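A short write-up of the structure that comes next.
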Amino acid sequence: MLPRSDIKPGDVKAYLADQENKSLLRFLTCGSVDDGKSTLIGRLLYDSKLLFEDQLATLKGQSQKTLKDEGELDFASLVDGLQAEREQGITIDVAYRFFATDKRKFVVADTPGHEQYTRNMATGASACDLAVILIDARKGVITQTRRHSYIVRLLGISQVVLAVNKMDLVGYDEARFDEIVAEFDSFAREIELQNVTAIPVSALKGVNVIAASDKTPWYSGPSLLEHLETVDVWSDTASAPLRLPVQWINRPNLDFRGYSGTISSGTVRPGDKITVQPGGRTSTVERIVTYGGDLEAAGAGEAVTLTLADEIDISRGDVIAADETPPEVTDQFAAHIIWMHDEPLLPERSYLLRIGTQTVPAVITELKHKINVNTLEQLAGKTLELNEIAFCNIALDRAIAYEPYADNRELGGFVLIDRISNHTVGAGMIEFGLRRATNLVWQELHVDKSARALMNNQKPCVLWFTGLSGSGKSTVANLVERKLHAANRRTYTLDGDNVRHGLNKDLGFTDADRVENIRRVAEVSRLMLDAGMIVLVSFISPFRSERRMARDLVEGGEFLEVFVNTPLEVCEARDPKGLYEKARAGDIKNFTGIDSPYEEPENAEIIIDTSTLSPDAAADRIIEMLKDWRIVL
Amino acid sequence: MTAPLTHLQRLEAESIYIMREVAAECENPVMLYSIGKDSSVMLHLAMKAFYPSKPPFPLLHVDTTWKFREMIEFRDRMAAELGFDLLVHTNEAGVEQGVGPFSHGSAVHTDIMKTQALKQALDKYGFDAAFGGARRDEEKSRAKERIFSFRTRNHRWDPKTQRPELWQAYNCRVAKGESMRVFPLSNWTELDIWQYIYQENIPIVPLYFAGERQIVERDGSLIMVDDDRMPLEPDEAPRAMTVRFRTLGCYPLTGAVESTASTLEEIIQEMLVVTTSEREGRVIDHDQGASMEKKKQEGYF
């Protein structure tokens, strides 16, 4: 569709140059049934003289059949493209419209208002920079307004226009407009929806659509079109680090191996060092190949083919990234999911997850909560039905390179595909990764564990004291730490009591909580080990599997298990905190050694029996062991 | 930092991304080549998308036997110059029955020689994806169609169960016998096409430029007498007129417009003042309001 104009023959070149420099705004319109979305778009096209005569004739012809309002054109019949839509007078599927003004080019996604078409609204919203949310001035903020606003927020649209429509039906009343805007603002704050511009309009009468109208003298802001022409939707993808998801391996012959893809963010130049994720392989960019000749640089949005200096193994789905700041890699993440199919989402069922150019099998491991988008309440749920939204944990068959959706739509937005029917059944947005997969190269740090250990003049390790309550773990550990400190070693002690007062104060004493307790302590001790410390951990840690897990987190020779093997009757006789007495009385449940098992270590590096050895002598034995292990010299 | 992309650069990159997706994900893709200006742009984009490789799929032309002769000449020249594999399919059963636009009318001709022929060709070669040059600004039901548009084993389009399409995470997966129609030019407008042809110097069929042609005026359309198969009414006599075509198809079904625009600049300038949409020249679209949607459901492109 073309704008009509009175351009002179000689001006064509100038006109084309002018067209070329225009920016593009993709926006969507949303609102509930009968709020007048299609009418508004029809009005934008009609008033900016973007309809052709034959389309106008069709419009007039159809208006005869479905005339809603005597004497006015039925703009909706122009944009509702499907027969069922025209018959039912509603919009079913998202439609794309194109128009241009002197200042900008526009793509409009006209999305359905009816609740059952939430998935189509999300489809339309996924490509947009701005959303126009329509409100019927007579009805104000209604349930659908909240739902649409929430979806707009969820899909990361940075600019919102609140078009308060049908102002003609409330007598262009300023107070009514202010009331609606105030109500919407409070909701917008609740969902952290930013950059909202409110405009009073009448799509049917053309008020404040193209130009400011004298019907609303109290409104001094821009008309809808003026706002759309000038609003700033500049995005920061160019200055972000390089991300090029590899789409297709380009091998015309044995002498050429290129990697084709569209740059998602950043800039690339020949000679740049790159890292390929997952896997962390590195190389240098040799050429940027295009049909029009090699490029000296290419930026976000460009479709290019790269060749590299080294022959490294790269497949479709890998991400070529800036060497210094590659994307993270994970096989588990937390994400918001919008369900889009009649068959409900089932946790533990395997779906295909498509993200960037990667497709991997995926399972929703935990449906943390559903979100009632009308009230924002968090609800428990086992499954997810059509058009419902939930916050979930997802596990993949293998690790992928990703970025949070807020940072990068291509590497953070995904669809879920049913493995049997091939339907697209859901869409999701990654909030954060849950763990970095262990078989992958970590982001390289110039200051690493050995550098820190060198500065500390020691070899870091984890000394893991395990044993019954009252066995003397903490007493011995304290003595060991004092002796190491006196010898200028850098140490830290993690003790069951001090950790449970802070980091783990949310945990109780059920088996599940004990496991989580140890997992967190093991992770903290690993971080401290990485910082170059000698870490003393003093925990009952009754289960073999958790101690095994803590051992496996670090490298061989870094984990030294100290089994403080004091007989139960000795511990119970000592009972320094009076806990055994309470446990025997039944006041404490799940007490290790009484009504909860203690699994003795099978391969502890050292065994200490404090019923035969004084604490000081026990500490000396442990220092001797550290010398044997070359931890201290 | 590099300069921000222009509008056309963005469209070009989007189309290239779509083509590469098909090449990477689909087993046996094909590009429908209608020889028109949109096909010319699509072909040019395919050359760019896979360079230095050749596009990894053949071109398919469904020949109704009623195309303008200049179109067929142009088709064969382009295939030779660009080194494409060109497949040409004609519904031979239709030819044997003598189906044509003059004898059977536009609806029957289009169904037998275009829609049915297309389905035959797709089945014959077992293509699981077929590129088409349709744009969303052309027609109302096109405006609602996905870029990756699923087709059943019977080549049917069901507008009510379209797959959601978010970001560029396209779902190209089909079961055996099912297929995808893929529209890399979905978000281009007619002006974008012309502007791109101008910018990239893309060859197009000479019929788009004004020239003196033998014309008969029939039912308000200017029909070019391209061969002697056109039966003339007693009161009809072809006369030389300076005309050009905004769209190309079967010559008996394609109306010309009077014009002296003989360069791309003149065509674009003429377009900027025109007030009829381009499908106006196509006789097949006038039947009823939802005619395109209906044809698409039956397997038309």
Side-chain angles (χ1 to χ4, degrees), chain A residues 1-2 4-7 9 12-13 16 19-22 24 52-55 62 81-83 92-93 95-98 105 107 119-120 122-123 126-127 238-239 247-248 250 252 256 260 262 267 289-291 297-299 301-303 316 340 354-355 409-410 413-415 417 422-424 427, chain B residues 1-10 12-13 16-17 20-21 23-24 47-54 136-137 139-144 159-160 162-169 171 173-175 186-187 189-191 195 198 265-266 268-269 271-277 280 289-290 293:
Chain A
M1 205 174 291
L2 295 165
R4 277 180 267 160
S5 77
D6 303 320
I7 192 160
V12 172
K13 276 204 167 82
L16 288 174
Q19 290 289 309
E20 185 62 48
N21 293 324
K22 279 181 190 173
L24 174 70
F52 293 116
E53 278 171 2
D54 52 333
Q55 289 171 320
Q62 273 168 350
L82 302 175
Q83 195 152 24
I92 292 173
D93 208 335
Y96 299 90
R97 311 281 152 204
F98 305 82
K105 297 208 175 207
V107 181
R119 60 177 169 184
N120 293 325
T123 293
S126 74
S239 60
Q247 229 189 330
W248 190 70
N250 200 331
F256 186 95
S260 299
T262 300
T267 306
V289 180
T290 74
Y291 186 72
E302 289 189 67
R316 170 173 163 85
M340 299 183 157
R354 167 77 206 260
I355 184 168
R409 285 189 187 185
E410 282 97 33
F414 60 86
V415 296
I417 299 168
N422 289 325
H423 284 305
T424 303
Chain B
M1 254 174 57
T2 49
L5 299 189
T6 65
H7 180 65
L8 282 181
Q9 283 173 323
R10 277 183 72 170
E12 178 189 79
I16 288 176
Y17 182 91
R20 287 172 173 174
E21 275 305 289
M47 296 303 289
K48 284 195 161 191
F50 302 100
Y51 179 84
S53 298
K54 290 274 179 214
R136 283 171 173 161
D137 79 328
E139 196 274 334
K140 279 185 292 190
S141 66
R142 292 262 198 241
K144 303 243 160 181
K160 292 201 194 80
Q162 296 201 83
R163 293 178 179 176
E165 198 165 78
L166 292 96
W167 308 290
Q168 290 198 309
N171 174 1
R173 301 180 67 86
V174 293
S186 285
N187 289 325
T189 63
E190 190 183 7
L191 179 62
Q195 208 177 319
Y198 176 75
E265 278 122 326
E266 284 167 0
I268 292 170
Q269 189 260 330
M271 289 184 55
L272 292 172
V273 295
V274 80
T275 57
T276 50
S277 67
E280 183 79 343
E293 180 185 350

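Bear in mind the structure is a predicted one, so any value in this text is a computation, not a measurement. Just so it is clear: chains get the letters A, B, ... in the order the sequence lines come, proteins before strands, and each one is counted from 1.
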Counting the benzene-type ring for Trp, do B:Phe50 and A:Trp248 have ring centres under 6.0 Å apart? yes

Which atoms of B:Arg10 are under 4.5 Å from chain A, going by heavy atoms: the side chain, the backbone, both sets, or neither? side chain

Check whether A:Ser260 gets within reach of chain B through its side chain, its backbone, both or neither, counting any heavy atom under 4.5 Å. both

Heavy-atom side-chain contact between A:Phe98 and B:Arg136 under 4.5 Å: yes

Could you give the distance from CZ (B:Arg163) to CD1 (A:Ile417), rounded to the nearest 0.5 Å? 7.5 Å

Heavy-atom check, side chain of A:Tyr291 versus side chain of B:Pro52, under 4.5 Å: no

Answer whether the closest heavy-atom distance between the side chains of A:Arg354 and B:Asn171 falls below 4.5 Å. no

When every non-hydrogen atom of B:Trp167 is compared with those of A:Ser126, the smallest separation belongs to N-OG, 2.9 Å

Can you say whether A:Phe256 sits under 4.5 Å from chain B via the side chain, the backbone, both, or neither, judging by heavy atoms? side chain

Against chain B, work out which of A:Glu410, A:Lys105, A:Met340, A:His423 has the most heavy-atom pairs shorter than 4.5 Å and name it. A:Lys105

Is the side chain of A:Gln247 donor-acceptor paired with the backbone N or O of B:Tyr17 at a distance under 3.5 Å, no angle test? yes

Please classify the contact between B:Glu21 and chain A as side chain, backbone, both or neither, with a heavy-atom cut-off of under 4.5 Å. both

Between B:Gln9 and A:Glu302, do the side chains contain an N or O donor and an N or O acceptor separated by less than 3.5 Å? no

Heavy-atom side-chain contact between A:Val289 and B:Tyr51 under 4.5 Å: yes

Chain A contacts, top residue of B:Glu165, B:Glu266, B:Lys54 (heavy-atom pairs, under 4.5 Å): B:Glu165

Checked A:Val415, A:Thr262, A:Asn250 vs chain B; the most non-hydrogen pairs under 4.5 Å come from A:Asn250

Looking at every non-hydrogen atom in both residues, tell me the closest pair between A:Asn422 and B:Val174 and how far apart they are. ND2-C, 3.5 Å

